Novice: 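Shown below is the structure under consideration.
None of these values were measured; they are calculated from a predicted model. Because only heavy atoms are used, hydrogens play no part in the values below, and waters and symmetry mates are left out as well, while side chains stay in.
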Amino acid sequence: ILDDLKCKDVVVVFDNEPGNDQIKHNIKELVEMSFNHPGLRVCLFPKELRSIGKDINDYIKSGMNQTEILNTINNNCYSGSSLKVRSVFW
């Protein structure tokens, strides 16, 4: 599907629910895809945000602003080997 999008850079942002089997499955697939698509990155929100909520909507409701959310996403993006390792400990 990434080839069909014709995008160089893609960031996939999942809900911050590491116990969700569907999210774990999708991340596992994206780990493998990221080795062949260097512009593909996956955001794995830090566990500290789980007390606030599970998704961007919850973070907005908690008072985070756009800049804080974008910085959090950008600072927690991984691909390739780093995504593979990070997803194990997420």
Side-chain angles (χ1 to χ4, degrees):
I1 192 166
L2 290 176
D3 293 329
D4 295 338
L5 292 175
K6 307 217 185 303
C7 295
K8 285 186 178 182
D9 297 311
V10 175
V11 175
V12 179
V13 180
F14 290 105
D15 287 353
N16 196 359
E17 296 183 288
N20 182 306
D21 289 336
Q22 186 63 49
I23 291 174
K24 289 192 290 190
H25 172 78
N26 289 339
I27 290 172
K28 187 175 180 179
E29 287 186 355
L30 288 172
V31 166
E32 298 308 316
M33 289 176 67
S34 71
F35 286 105
N36 297 319
H37 295 85
L40 171 63
R41 298 180 300 148
V42 176
C43 174
L44 300 176
F45 284 118
K47 65 181 175 182
E48 294 80 22
L49 286 181
R50 292 184 202 140
S51 64
I52 296 172
K54 67 177 180 78
D55 58 23
I56 293 172
N57 187 47
D58 290 339
Y59 305 149
I60 292 169
K61 288 180 184 178
S62 77
M64 288 180 75
N65 64 40
Q66 180 181 1
T67 301
E68 292 171 319
I69 293 170
L70 285 174
N71 285 340
T72 300
I73 290 170
N74 289 328
N75 292 330
N76 291 281
C77 281
Y78 306 92
S79 64
S81 298
S82 63
L83 175 58
K84 189 171 190 172
V85 170
R86 178 70 178 166
S87 66
V88 169
F89 296 103
W90 183 62

Novice: Check whether any side-chain heavy atom of Val42 lies under 4.5 Å from a side-chain heavy atom of Ser79, and answer yes or no.
Specialist: no

Novice: With a 4.5 Å cut-off on side-chain heavy atoms, are Leu44 and Trp90 touching?
Specialist: yes

Novice: Got a second to check how far Lys84's NZ is from Lys28's NZ, nearest 0.5 Å?
Specialist: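 The NZ atom of Lys28 is 9.0 Å from NZ of Lys84, to the nearest 0.5 Å.
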
Novice: If you define the side chain from C-beta out and look only at heavy atoms, does anything of Tyr78 sit under 4.5 Å from Ile27?
Specialist: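 No, every pair of side-chain atoms sits at 4.5 Å or beyond.
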
Novice: Looking at residues at least two apart in the chain, or sitting in another chain, which of them share a side chain to side chain contact (heavy atoms under 4.5 Å, CB included) with Thr67?
Specialist: Asn65, Asn71

Novice: Which heavy atom of Ser34 sits nearest to which heavy atom of Leu83, and what is that distance?
Specialist: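 The pair with the smallest heavy-atom distance is OG-CD2, 4.1 Å.
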
Novice: Looking at side-chain heavy atoms only, is the closest gap between Leu49 and Ile52 below 4.5 Å?
Specialist: yes

Novice: List the atom pairs, donor and acceptor, that lie under 3.5 Å between side-chain atoms in residues 10-21 and the rest of the protein, sequence neighbours left out.
Specialist:
from  : atom 1 : to    : atom 2 : distance (Å)
Asp15 : OD2    : Lys54 : NZ     : 3.3
Asn16 : OD1    : Arg50 : NE     : 3.1
Asn16 : ND2    : Pro46 : O      : 3.1
Asn16 : ND2    : Tyr59 : OH     : 3.3
Asn20 : OD1    : Gln22 : N      : 2.9
Asn20 : OD1    : Ile23 : N      : 3.0
Asp21 : OD1    : Lys24 : NZ     : 3.4

Novice: For a side-chain contact (heavy atoms from CB on, under 4.5 Å) check, start with the C-alpha distance between Ile69 and Phe45, then their side-chain angles and the critical distance, and finish with the verdict.
Specialist: CA-CA 10 Å; Ile69 293 170; Phe45 284 118; 5.5 Å; no

Novice: Contact between Ile73 and Cys77 at the side-chain level, heavy atoms closer than 4.5 Å - yes or no?
Specialist: yes

Novice: From Ser51 OG over to Asp58 CG, what is the distance, rounded to the nearest 0.5 angstrom?
Specialist: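 Ser51 atom OG to Asp58 atom CG measures 11.0 Å (nearest 0.5 Å).
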
Novice: With a 4.5 Å cut-off on side-chain heavy-atom distances among I, L, V, M, F, W and Y, is there a chain of contacts connecting Phe35 to Leu40?
Specialist: yes

Novice: Please, which pairs that meet salt bridge (Lys or Arg N to Asp or Glu O under 4.0 Å) have at least one residue in residues 31-49, sequence neighbours excluded?
Specialist: none

